[in-house]
K.L.:
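Pasting a structure here, questions to come.
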Amino acid sequence: MDSKRRDFLKIAGLTAIAGIAAPSAFNTLLKGEANASAQAVADKACPAVTGKRYGMVIDVKKFTENPGLADQCVSACHTIHNVPDFGNKKDEIKWIWVESYSHVFPENTQYKRPDVLKDMPILTLCNHCDNPPCVRACPTKATYKKKDGIVGMDYHRCIGCRFCMAACPYGARSFNWRDPRGKDANGQPFIKAENSKYPTRMRGVVEKCNFCTERLAIGQIPACVEVATQTKALVFGDMNDPDSEISQVLKTSFTIQRNPAIGTRPSLFYII
Amino acid sequence: MIEKALKGSTGYWVWMLFLLSIMGVGGLCYAQQFNYGLGITGMSRDVTWGVYISQFTFLVGVAAGGLMLVLPYYLHNYKAFGRIVILGEFMAIAAIVMCLMFIIADLGQPMRALNVMLYPTPNSMLFWDMIVLNGYLFLNVLCGWVVLQSEYKGIKYPKWVKPFIYLSIPWAISIHTVTAFLYCGLPGRHFWLTAILAPRFLASAFAAGPALLMIIAMILKRNTKFDVGREAQDKLVTIIGYAAMLNFFFLGCEFFVAYYSQIPGHMHTLDYLYWGLGHGDEVFNNLVPFMRASVIMGLAGIGLIFVSRAKQCDGLLILSCALIFLSFWIDKGLGLVLGGFVPSPLDYVTEYYPSIQELGITAAIWATGFFILSILYKVAISVKLEKEI
Amino acid sequence: MYGKGRIIPALILFLGLMTTPMWYKSGDAGKMPKPEKPKDYTECVAPTAYMRTSHMVLLNEWRDDILREGGSRVGKTANGTEYVRSLQNGCMKCHNDKKKFCDACHNYTSVKPYCWDCHLQPKEAM
């Protein structure tokens, strides 16, 4: 028998043995592992409840019942956070704003809709996704997800690449195309009345709603929610606390999220 | 070796001065942008990336296109590319420099650009893009320069450079793959969310890069004694032709998926780019003429490039390469990035028109690229001619 | 080296000219700045020596801790006085005159921090 043939037979024999033994060995080896990964899959489908996760329920009908309320929410937020108003769509910066149903839920294609839906003001803001694409995209960790579920921004670190804006599937982010502290042609400042407790932003960074993290820290509720307190049009709270108001609302009302199919798991819920 | 770039004909100096003047005007535009902010461009809240990022995307392809020369020459020992391969490597250098300049031009806070390295973020594709682009720049400067210098000294290039040359081959694939990943990993942007984006990027890159190279080689052939050779020329025609066909095949796949599945999100952008998107009472179609021209020019270019080879007609070859290059420049340097923003996540349509300053900066970056390219090619050709003739 | 006779003297001349500002002002520290300290407070959040050299480090630590880690917005001095860990709402409460405090040293050392591009300075001093 020449050496080549012997080598071939050796290899063939070994391969056969390996072929027979491998699957069972693999199974024994991976048993623990397999169970663990099955657990991981289960965890992902139904995340373990640890710490806080802030969320908001928007009861859309209440805004029709209380005309002007939506705009009050917007202006409260924008005043407190020194959000500039440039008076044009191109430079526009907004943290929370009013849209119509067909723009907030473009994926929904009801053949006929209730008439009230047509002019219903629907508040739109950052969804503080549980799985935020903007955070994945940011090359400097200038935007990040905090332990309490809030997707935050560090304006000091933002390089203004606007990758997060391309990544955000909800159009919730705005860029400072020009100096927000500037003045328009008539000498009117873009920030009408500065809130001395909160900073402005600078040219060339991205900004968005921060779920009023600075107010939560001192025991206040978000500005927009505060405006809507009496009507309960907005309910804000820790969704991981079973006794919180928002948990109760989510359990008793049917809510929808914006574009849930893309796996971002938004923390904003709408009652239509 | 670099001193070769300091001796040239009047034509050479006029060309360089012309490029410098464009760079000067663009520099002034950039000063304006730096002082006012990116609001000076045509970009808006809905269309957040414009001509800068689209040029960047296209030029990554031009840089990766150099692979089509390096791979046959070094990996398959295809000797006919001996004279042209250095042109491919040097074109990659110029293209990558342009890419980096376009990214810097697009940043809202360019002074903080180094934050990308200061806070490395492996989950961001832009972080990886920074690594692969700079790495590719380094590899091409190293390999191109060392090999040319050895030739200048009349010796074979040192052995240690060979691993770097081999590394540059997969690296070229990586730069365009990662650049495609910038787009195709974003949920909610249907037009970009396609697994075929990276292959399509590569196909168009392997056509557009060599096409530009071929045009330059033809210009050199007419104006200098430098001739890349008939065999290399004919081989490049095959490469450009098939890569371009592949690109159109991939584009056809996109059309099939969108229009056969009838998923609105997939159809909207193609509607906007090729037919005009009806939205409310309006029809938005500002890119339609360009995109249609792109398809016609590309297909005509593919046909003509093979005719030019059969007839051995250099004039026709230049024309067909120019058609293919322009076609892919429009497709990727215009439609791909701008189209992705239409419609917006909130189903609005915002059309984008670049501003004068934006175009000035863009022209200046292209001029800088050609400036670098001219210097590098001047050196390379002087060395080659000196040694061979 | 080719052209040694001209290159080396020219290099020395170049270096000499480049460093004139240093020769010209060597040994003269200029007029030392005297940042005006708040009159009503005697204690800062950290010892003066540390604050003088590292206040910017402290600000960065506060920022990262509060923004990212959800850290406390309130700190305590060595003597137990509570303060807000914030430039705009903390530091500037006591050091309420940016011109006389921050700018005094920053101008002297030719440092241009971008704090005030976003943060608002106390109204009185604007």
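Order of the sequence lines sets the chain letters (A, B, ...), proteins ahead of strands, with each chain counted from 1.
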K.L.:
Given side chains that start at C-beta, do those of F175(A) and T48(B) come closer than 4.5 Å, heavy atoms only?
P.N.:
no
K.L.:
Name all residues meeting the salt bridge (charged side-chain N to carboxylate O under 4.0 Å, His left out) criterion together with D91(A); count only those two or more places apart in sequence or in a different chain, and write none if there are none.
P.N.:
R178(A)
K.L.:
Pick one of side chain, backbone, both or neither for D129(B), based on which atoms fall under 4.5 Å of a heavy atom in chain A.
P.N.:
neither
K.L.:
Heavy-atom cut-off 4.5 Å, strictly under: side chain, backbone, both or neither for R258(A) against chain B?
P.N.:
side chain
K.L.:
Do other residues, nucleotides or ligands put more than 12 heavy atoms under 6.0 Å from the CG atom of N35(B)?
P.N.:
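Atom CG in N35(B) is packed in, count exceeds 12.
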K.L.:
What part of L186(B) lies closer than 4.5 angstrom to a heavy atom of chain A: side chain, backbone, both or neither?
P.N.:
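Contact with chain A involves the side chain of L186(B) alone.
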K.L.:
Counting only heavy atoms closer than 4.5 Å, note whether P120(B) contacts chain A via side chain, backbone, both or neither.
P.N.:
backbone
K.L.:
For W128(B), which atoms come within 4.5 Å of any heavy atom of chain A: side chain, backbone, both, or neither?
P.N.:
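Interface part for W128(B): neither.
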K.L.:
Please state whether the side chain, the backbone, both or neither of V135(A) comes within less than 4.5 Å of a heavy atom of chain B.
P.N.:
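When you check distances to chain B, only backbone atoms of V135(A) fall under 4.5 Å.
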K.L.:
Parallel, tilted or perpendicular for W49(B) and F163(A), by the 30°/60° rule?
P.N.:
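Correct class here is tilted.
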K.L.:
Please classify the contact between I103(B) and chain A as side chain, backbone, both or neither, with a heavy-atom cut-off of under 4.5 Å.
P.N.:
neither
K.L.:
Does any backbone or side-chain atom of A172(A) lie under 4.5 Å from a heavy atom of chain B? Answer side chain, backbone, both or neither.
P.N.:
backbone
K.L.:
Please flag which part of C134(A) lies under 4.5 Å from any non-hydrogen atom of chain B: side chain, backbone, both or neither.
P.N.:
neither
K.L.:
Do other residues, nucleotides or ligands put more than 12 heavy atoms under 6.0 Å from the NZ atom of K192(A)?
P.N.:
yes
K.L.:
Contact part of R45(B) toward chain A, heavy-atom cut-off under 4.5 Å: side chain, backbone, both or neither?
P.N.:
both
K.L.:
Using side-chain contact (heavy atoms from CB on, under 4.5 Å) as the criterion, point out the one residue from K141(A), H156(A), R157(A) that pairs with N115(B).
P.N.:
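Among K141(A), H156(A), R157(A), the one that satisfies the side-chain contact (heavy atoms from CB on, under 4.5 Å) with N115(B) is R157(A).
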K.L.:
So which part of F34(B) gets closer than 4.5 Å to some heavy atom of chain A, the side chain, the backbone, both or neither?
P.N.:
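The answer is the backbone of F34(B).
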K.L.:
Is chain A contacted by the side chain of Y183(B), its backbone, both, or neither, given a heavy-atom distance below 4.5 Å?
P.N.:
neither
K.L.:
So what's closer than 4.5 Å to chain A heavy atoms on M117(B): side chain, backbone, both or neither?
P.N.:
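Neither part, no heavy atoms under 4.5 Å.
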